[in-house]
Amino acid sequence: MRVGLYPGTFDPITLGHIDIIRRGASLVDRLVIGVAINRDKGPLFSLEERVAMVEAECQEISRQTGTEIIAHPFENLLIDCAHDVGAQIIIRGLRAVADFEYEFQMVGMNRALDDSVETVFLMAEARHQAIASKLVKEISRLGGDVSKFVPAEVKAALDQRFSD
């Protein structure tokens with residue numbers, strides 16, 4: 001069974017993430033969405049909320065592709081998470097050259113830790129290249145419309161969070 005791991009904080013999950021999930025699901029039999037706890041980033045949504053958002057958005061993709069998709073919270077090294085879930089492939093999305101420079105370093109470190117786990121990069125669709133969770137949160141916080149960047153349920157969660 002080919003198992004892929006797509007890690008991120010998903011705070012919140014965006015249409016860009018969903019695009020990578022949909023395309024990544026076609027490459028593997030099981031796709032694990034690694035939801036990073038990452039306390040240093042100070043997430044807007046709790047781990048439980050982020051996992052629930054990921055699960056909700058992945059149900060239809062799983063049904064359409066026939067690929068099992070599961071959300072898996074993690075707080076350890078990415079390579080250790082890959083071992084924990086039995087992943088042979090780490091899937092990463094790239095939006096711009098700046099993403100590549102960071103990801104290039106991460107691949108080198110991960111390969112030094114375990115060269116049996118491959119990293120596959122998927123370029124974001126052009127219409128999703130500008131989407132970043134950080135920017136989505138900022139736009140929403142300032143009252144802007146984020147409906148072009150996130151699913152309706154996520155927009156509602158953002159609206160609720162910033163109306164409190």
Side-chain angles (χ1 to χ4, degrees), residues 4-27 31-62 64 69-82 85 87 90-110 119-164:
L5 171 63
Y6 177 41
T9 52
F10 304 101
D11 185 42
I13 189 168
T14 68
L15 295 178
H17 294 131
I18 292 168
D19 174 54
I20 298 298
I21 291 167
R22 183 178 311 283
R23 292 167 47 218
S26 70
L27 302 175
L31 181 58
V32 178
I33 311 302
V35 182
I37 293 171
N38 203 340
R39 299 176 207 288
D40 296 335
K41 284 193 174 182
L44 177 65
F45 293 101
S46 71
L47 176 63
E48 294 76 17
E49 290 170 316
R50 290 181 286 132
V51 166
M53 286 181 202
V54 166
E55 289 174 341
E57 295 305 324
C58 290
Q59 286 178 0
E60 183 62 18
I61 298 169
S62 181
Q64 289 173 351
I69 303 176
I70 60 171
H72 176 79
F74 77 102
E75 192 173 24
N76 53 346
L77 289 173
L78 178 57
I79 203 72
D80 290 338
C81 179
V85 301
I90 295 171
I91 297 173
R92 299 295 291 162
L94 294 176
R95 294 173 299 181
V97 174
D99 286 347
F100 178 78
E101 291 173 7
Y102 171 77
E103 294 296 343
F104 183 79
Q105 289 179 316
M106 289 296 297
V107 169
M109 296 302 285
N110 286 334
T119 300
V120 175
F121 295 105
L122 298 176
M123 292 300 301
E125 290 285 338
R127 68 182 185 271
H128 300 306
Q129 286 180 354
I131 301 174
S133 293
K134 180 180 178 180
L135 297 176
V136 167
K137 289 183 286 192
E138 184 71 5
I139 293 167
S140 184
R141 184 181 68 79
L142 295 171
D145 180 11
V146 295
S147 60
K148 294 185 225 176
F149 311 123
V150 296
E153 295 79 11
V154 173
K155 180 186 180 308
L158 284 163
D159 290 347
Q160 178 64 41
R161 184 60 40 100
F162 289 121
S163 72
D164 293 343

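Under the rule for a side chain to side chain contact (heavy atoms under 4.5 Å, CB included), the partners of N110 that lie at least two apart in sequence or sit in another chain are L78, I79, I90, M106, L113. Residues passing the side chain to side chain contact (heavy atoms under 4.5 Å, CB included) test with F104 are F100, sequence neighbours excluded. Scored by the side chain to side chain contact (heavy atoms under 4.5 Å, CB included) test, P43 finds D11, R50 as partners (sequence neighbours excluded). Remark: Y6 pairs with F10 by the ring pair (Phe, Tyr, Trp, His ring centres under 6.0 Å) rule, at least two apart or across chains. When the side-chain hydrogen bond (donor to acceptor under 3.5 Å, both in side chains) test is applied to Q160, the partners found at least two apart in sequence or on another chain are D164. For S133, there are no side-chain hydrogen bond (donor to acceptor under 3.5 Å, both in side chains) partners, not counting sequence neighbours.
Contact detail for S140 and F162: the closest heavy-atom pair is OG-CD1, 3.4 Å. In terms of heavy-atom proximity, V150 sits nearest to K155 at CG2-N, 3.7 Å. Here the closest non-hydrogen pair linking R95 and A132 is NH1-CB, 2.9 Å. G16 approaches I131 most closely through the heavy-atom pair N-CD1, 4.1 Å. Across A25 and L31, no two heavy atoms sit closer than the pair N-CD2, 3.9 Å. The minimum heavy-atom distance between F45 and P12, with the atom names listed, is CE1-CB, 4.0 Å.
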- Do E60 and Q64 pass the side chain to side chain donor-acceptor pair (under 3.5 Å) test, and can you show the C-alpha distance, the side-chain angles, and the key distance before you say yes or no? CA-CA 6 Å; E60 183 62 18; Q64 289 173 351; 3.1 Å; yes
- Task: Under the side chain to side chain contact (heavy atoms under 4.5 Å, CB included) rule, what do I21 and I33 come out as? Steps first, then yes or no, please.
- Result: CA-CA 8 Å; I21 291 167; I33 311 302; 3.8 Å; yes
- Message: Please evaluate residues L158 and V146 with respect to the criterion side chain to side chain contact (heavy atoms under 4.5 Å, CB included), reporting the C-alpha separation (whole Å), side-chain torsions for both, the decisive distance (0.1 Å), and the verdict.
- Response: CA-CA 9 Å; L158 284 163; V146 295; 4.0 Å; yes
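Remark: the S62 side chain and the Q59 side chain contain no N/O donor-acceptor pair separated by less than 3.5 Å.
Between I18 and T14 there is no side-chain heavy-atom pair separated by less than 4.5 Å. Here the side chains of T119 and R92 are in contact, with some heavy-atom distance below 4.5 Å. Inter-residue side-chain proximity for I139 and F149 is flagged as met; some heavy-atom pair is nearer than 4.5 Å. Proximity of I91 to F121: side-chain heavy atoms (C-beta onward) are nowhere separated by under 4.5 Å.
Here the side chain of R161 pairs a donor or acceptor atom with the backbone of L44 at under 3.5 angstrom. Judged by distance alone, the side chain of E57 and the main-chain N or O of V54 form no donor-acceptor pair under 3.5 Å. Remark: the backbone N or O of I37 is not paired with any side-chain donor or acceptor of E75 at under 3.5 angstrom.
Test R22, R23, H17 against D19 for side-chain hydrogen bond (donor to acceptor under 3.5 Å, both in side chains) and you get one pass: R23.
The CE atom of M123 sits 5.5 Å away from atom CD of Q129, with the distance rounded to the nearest 0.5 Å. Going from atom CD of E55 over to atom CD1 of I69 covers 11.5 Å, rounded to the nearest 0.5 Å.
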